[in-house]
Amino acid sequence: MSFTGAPTMTRSHHPMLSSARFGAWLRCWSAGVGALALTLASALGGCASNGPANAAPSVGVNNGAAPLIAMPPTSVGTWYELGNFRAPWMAGDAPVLADGLSAPTRVAGLRRDDGHWLAIMVVQTAPSADAQCPASNSLHVADETMDGGCLRMRGDADFDGWLRQQHSVLYRWLDGRGWTSRPRAWVGYRVSVGGHAIEAHALVDPPLLEPATRNNAEFLAGGQSARQWARSFAAATRAAGGGVLSVPPFPFAPQAAPPPEPLPTSSPPEPPRGNNR
C-alpha cells in the first residue's frame, strides 16, 4: 500500500541514520498519519449528520410563512406567482391582526394574453388564536360544513366604490401594483388554524363564477355556482394550515378547444405521361 505524500527518506539517503533511529522516526510518522485520518473521519461524520446546508425551509403558518398557492389548470389565461411579501393586513371589515408591514403575504394571479387580470388570489397569516369576524350582514355566505371562520362575498366588488371603501388597504395595495381589472367579484374568508389566523381574498372576473342568464329564472339561480365556489375556496383556506392553499377550479372557465383533426395526406397526382416516340 502506498500513500500520496508519504516520506521518501531511506537509509540510503542518510547513511549516518541508524536502524533504530530510522525505525523510531517511521513509527512516529505512521502514528501522525493515523491521527490525521481519524480527525478527518470524525469531522466528515459530523458534517453528514447535520444534513445538507441548502435544505429548503418548511412552509406553513406555524413557521411564520404565508401558505403557497396552488393554481388550478385553466385555458383562459396564464397563472403567475406574483410574490411573497411582508404587507399590511388587508381585511378592512374585520379586526386587524398585524401591525405595519408585518403580515406574511403571498399573491398569485390569472392573466389573459391581452393583460387583463381574470383573478387575483391573496393569502395572509398572523399569530392569533381567535379569528374574529365582522358582524353578520348580507355579504355572509352560509355554509353548514364550515368549522368556524367567516365567509363573505360580493358579486360586484367595485359597485358604488364598495371595495375602495370597505377594504381600502387591499384596494390600494393591489391597484398600486397594477393588479386591478374590472369588473370583479370579491370572496373573503378568515379562519383560525393552529393558533394562527389565515385570511384569504379572491378577486375574480364574474363570468368565471356565474353563467350568462337569459331570463329571470336563470338570473335568480345564477348565483348558486358562485356561492358554491366560495364555499370550496373557504374549505381550501381551512386546509391551508398545512402550507398550501389549493384554489378550486372556476366553474365557468371555458375549456380549450380540441386540436383540429389532421388533414389526410395524399401524394400529388402524377403528371400525364406523354408518348415518347
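Sequential numbering from 1 along the given sequence is applied to the chain's residues.
- Considering all non-hydrogen atoms of both residues, Tyr189 and Cys150 come closest at CD1-O, 3.0 Å.
- Under the 3.5 Å distance criterion, the side-chain polar atoms of Asp114 are matched with a main-chain donor or acceptor of His116.
- Seen from the ring of Tyr80, Arg111 counts as a face-on cation partner, given the 6.0 Å and 45° thresholds.
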Would you check, one step at a time, whether the test side-chain contact (heavy atoms from CB on, under 4.5 Å) holds for Val193 with Thr125?
CA-CA 10 Å; Val193 178; Thr125 183; over 6 Å; no
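- In this structure, Arg154 contributes its side chain and Asp156 its backbone to a donor-acceptor pair below 3.5 Å.
- Proximity of Val76 to Asp205: side-chain heavy atoms (C-beta onward) are nowhere separated by under 4.5 Å.
- Aromatic ring orientation, Trp186 versus His167: tilted (interplanar angle from 30° to 60°).
- Looking at every heavy atom in both residues, Gln165 comes nearest to Asp160 through NE2-O, 3.6 Å.
- At least one donor-acceptor pair under 3.5 Å links the side chain of Gln124 to the backbone N or O of Met90.
- Taken from OG1 in Thr105 to CH2 in Trp89, the straight-line distance is 7.5 Å, to the nearest 0.5 Å.
- Scanning all heavy atoms of the two residues, the minimum distance from Leu101 to Pro88 falls at CD2-CD, 3.2 Å.
- A distance of 10.5 Å separates CD1 of Ile69 from OG of Ser246, quoted to the nearest 0.5 Å.
- The CZ atom of Phe233 sits 8.5 Å away from the NE2 atom of His201 when rounded to the nearest 0.5 Å.
- Checked against the 6.0 Å centroid threshold, Trp173 and Phe85 count as a close aromatic pair.
- Trp179 has its side chain within reach of Val107: a pair of non-hydrogen atoms, C-beta onward, lies under 4.5 Å apart.
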Candidate pair Leu118 and Phe250, rule side-chain contact (heavy atoms from CB on, under 4.5 Å), full reasoning
CA-CA 11 Å; Leu118 295 168; Phe250 301 119; over 6 Å; no
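- Side-chain atoms of Leu203 and Leu163, non-hydrogen and from C-beta on, do get closer than 4.5 Å to each other.
- Residues Val244 and Pro67 form no side-chain contact, since every pair of their non-hydrogen atoms from C-beta on lies 4.5 Å or further apart.
- When the side chains of ILVMFWY residues are joined at heavy-atom separations under 4.5 Å, either directly or via intervening members, Phe159 and Met153 end up in two distinct hydrophobic clusters.
- Of all non-hydrogen atoms in Ala98 and Ala103, the two that sit nearest each other are CB-CB, 4.0 Å.
- Closest non-hydrogen pair, Ala119 versus Trp79, comes out as CB-CH2, 4.3 Å.
- Rounding to the nearest 0.5 Å places OG of Ser192 at 12.0 Å from CD of Glu199.
- Within the model, atoms CZ of Arg106 and CG of Leu245 stand 10.5 Å from one another, a figure rounded to the nearest 0.5 Å.
- A salt bridge links Arg184 with Asp158: the closest approach of a Lys/Arg side-chain nitrogen to an acidic carboxylate oxygen falls below 4.0 angstrom.
- Looking at Val123 and Thr237, their side chains never come closer than 4.5 Å, going by heavy atoms from C-beta outward.
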Run Leu110 and Met71 through side-chain contact (heavy atoms from CB on, under 4.5 Å) and show every step you take.
CA-CA 9 Å; Leu110 175 64; Met71 290 77 79; over 6 Å; no
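- Considering CG of Leu209 and CD of Gln224, their distance stands at 13.5 Å, rounded to 0.5 Å.
- In plain terms, the two heavy atoms of Ser225 and Phe252 that are nearest each other are OG-CE1, 3.2 Å.
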